[in-house]
Amino acid sequence: MMHINSGYLVLAYIVAVIAVNLVACDNSNSGDYMKREHSLVRPFQGVGVILPHWDFLGNTMVTSNYIRLTPDLQSKSGALWNYAPVMSRNWEVHVSFKVHGKGAELFGDGFALWYTKDRMQTGSVFGSKDHFSGLAVILDTYSNHNGPHNHQHPYLSAMVNNGSWSYDHDRDGTHTQLAGCEVRFRNVDYETLISIRYENDILSVSTDLENKNEWKNCFVVTNVELPTGYYFGLSATTGDLSDNHDIHSFKFFDIDTNSDVPYQDTMARANIIPNAKTFEPPREHKEDPKPGMSNAKIFFILLFVVVVAAGVAIFAISFFKERNARKHFY
């Protein structure tokens, strides 16, 4: 019996050492480790309607398997915001999501991932505020224009804002975007993923949309300056068109590899203004030229004119015949 107890003690000691090491790794500020205070993993178990480390608003619905920002109904909006500021200078996030609905050809509008100064602010940009300060990564499912900067949808793009610019919905944000790529993630039978990596002022966005466990590069932008101390969030909206916008996980990884960065430099980073030096400045909003009439429209207009003219002629002939007949009677 003493021999068995000793074996249990040794086993318990080994398990305890492994657990301590895992916790230390998970809470470490150096290396590539997921930080729980900025992450959401299933099952989503909150107390009542409370999610640990996260707030939500609008039409957001929390289940054990997913968080639905909007249902597949018109004029809905929802958001999910982390309430812990991010103090890591370099980081990476992986978001697992599904966008699906009944619409076969018309659907919308999409959702956005945020790293911004202000949180829990509703507004016109996919359910969150315009004139934001920080970074927006937008997954847009509906095309609003057919001008010279159009592209196929769904479309993935990024925008860095210092609070002074407006997101131009009529141009799908092309006037202020850093970069973008066409993506196909809607109405698939599996979860789709996006990776956003920010390291040494380089913003890299990749996707896994084919269920192959392989990241595919969307774009890389250099000289992107983002402060520390901002907040992560996700938001979505529907209008006349709709979709289910479901979040299945949000995983934050600290990739600050240099633990010797002076504390003063880290704090100074919190005071910089969001800036991207390599993208062209916002262009002035210009209305699309009004399209000319199609041949079919011209045909129907001419047909209408002919019918009206014929009706007027028939009425005139009948009127004068009746008038002449009356004169002959008298």
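Note that the numbering runs from 1 along the sequence shown for the chain. Treat the numbers as computed from the prediction; the structure is a model and nothing was measured.
Atoms NE2 and CG, from H131 and D118 in turn, are 13.0 Å apart once rounded to the nearest 0.5 Å. Once rounded to the nearest 0.5 Å, the distance linking CG of D243 with OH of Y142 reads 13.0 Å. Between the NZ atom of K102 and the OG atom of S242 there is a distance of 5.5 Å, given to the nearest 0.5 Å. Of the inter-residue distances, the one linking T222 atom OG1 with I202 atom CD1 reads 6.5 Å to the nearest 0.5 angstrom. In this structure, CG on L209 lies 6.0 Å from CZ on F97, to the nearest 0.5 angstrom. K98 NZ to R186 CZ: the interatomic distance, rounded to the nearest 0.5 Å, is 11.5 Å.
In plain terms, the two heavy atoms of P227 and P274 that are nearest each other are CD-CG, 3.9 Å. The minimum heavy-atom distance between T141 and F107, with the atom names listed, is O-CE1, 3.5 Å. Taking all atoms of both residues into account, the shortest heavy-atom contact from P154 to R184 is CD-NH1, 4.0 Å. When all heavy atoms of W114 and S235 are compared, the closest pair comes out as NE1-OG, 2.8 Å. Contact detail for P85 and H38: the closest heavy-atom pair is O-CE1, 3.4 Å. Of all non-hydrogen atoms in L57 and M120, the two that sit nearest each other are CD2-CE, 3.4 Å.
Side-chain atoms of S128 come within 3.5 Å of backbone atoms of Q121 as a donor-acceptor pair (strictly under, hydrogens ignored). Within the 3.5 Å criterion, the main-chain N or O of N82 finds a donor-acceptor partner in the side chain of R119. Of the possible donor and acceptor atoms, none in the side chain of D140 sits under 3.5 Å from a partner among the backbone N and O of G110. Using modelled atom types, one side-chain atom of Y83 and one backbone atom of H53 make a donor-acceptor pair closer than 3.5 Å. Side-chain N or O atoms of W54 include one that pairs as donor or acceptor with a backbone N or O of S39 at under 3.5 Å. R269 places a side-chain N or O within 3.5 Å of a backbone atom of L226 that can act as its donor or acceptor partner. When atom types are taken as modelled, the side chain of D130 and the backbone of V125 share no donor-acceptor pair closer than 3.5 angstrom. A distance-only check finds no donor-acceptor pair linking the side chain of S77 to the backbone of T237 [under 3.5 Å]. In this structure, the side chain of T238 engages the main chain of K76 through a donor-acceptor pair within 3.5 Å. For the pair T60 (side chain) and A79 (backbone), a donor-acceptor distance under 3.5 Å is present.
Residues V86 and F250 share a single hydrophobic cluster, defined by chaining ILVMFWY side chains whose heavy atoms lie under 4.5 Å apart. Transitive grouping of hydrophobic side chains (ILVMFWY, heavy atoms separated by less than 4.5 Å) brings V62 and L69 into a common cluster. Follow the hydrophobic side-chain contacts under 4.5 Å out from L193 and you never reach L156; the two are in separate clusters. Hydrophobic clustering, with ILVMFWY side chains joined whenever heavy atoms are under 4.5 angstrom apart, keeps L241 apart from I138.
Taking the six-membered ring for Trp, F232 and W91 have ring centres closer than 6.0 Å.
Heavy atoms of other residues, nucleotides or ligands lying less than 6.0 angstrom from CD1 of I272 number more than 12. Annotation: D189, atom CG; neighbour count of heavy atoms from other residues, nucleotides and ligands within 6.0 Å does not exceed 12.
In this structure, Y230 and Y115 have tilted ring planes: the angle between them lies in the 30° to 60° band. Ring geometry, H94 versus F253: the interplanar angle falls from 30° to 60°, so the pair is classed tilted. Note on ring orientation: taking the six-membered ring where Trp is involved, the planes of Y167 and F126 are perpendicular (angle over 60°, cut-offs 30° and 60°). A tilted orientation is assigned to the rings of H248 and Y66, their planes being inclined by 30° to 60°.
Side chains of L80 and L51 form a contact here, defined as non-hydrogen atoms less than 4.5 Å apart. Put simply, the side chain of T176 does not reach to within 4.5 Å of the side chain of N161, judged on heavy atoms. The shortest distance between side-chain heavy atoms of P71 and N244 falls below 4.5 Å.
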key: Check against side-chain contact (heavy atoms from CB on, under 4.5 Å), L203 and L135   = CA-CA 10 Å; L203 179 68; L135 168 70; 4.0 Å; yes

inquiry  = Run N223 and D201 through side-chain contact (heavy atoms from CB on, under 4.5 Å) and show every step you take.
reply    = CA-CA 5 Å; N223 297 317; D201 293 347; 5.6 Å; no

ask   = Between T116 and W81, does a side-chain contact (heavy atoms from CB on, under 4.5 Å) hold up when you go through it step by step?
value = CA-CA 10 Å; T116 58; W81 285 93; 3.3 Å; yes

side-chain contact (heavy atoms from CB on, under 4.5 Å) between I67 and F56, intermediate numbers included = CA-CA 10 Å; I67 299 173; F56 57 93; 5.9 Å; no

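Side-chain contact check for T70 and N59: no donor-acceptor pair (N or O, by modelled atom type) lies under 3.5 Å. Side-chain contact, N162 with S164: a donor N or O sits under 3.5 Å from an acceptor N or O.
Under a 4.0 Å N-O distance rule, the pair D246/R42 does not qualify as a salt bridge.
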Identify all side-chain donor-acceptor contacts of residues 213-221 below 3.5 Å with residues at least two apart in sequence or on another chain.
none

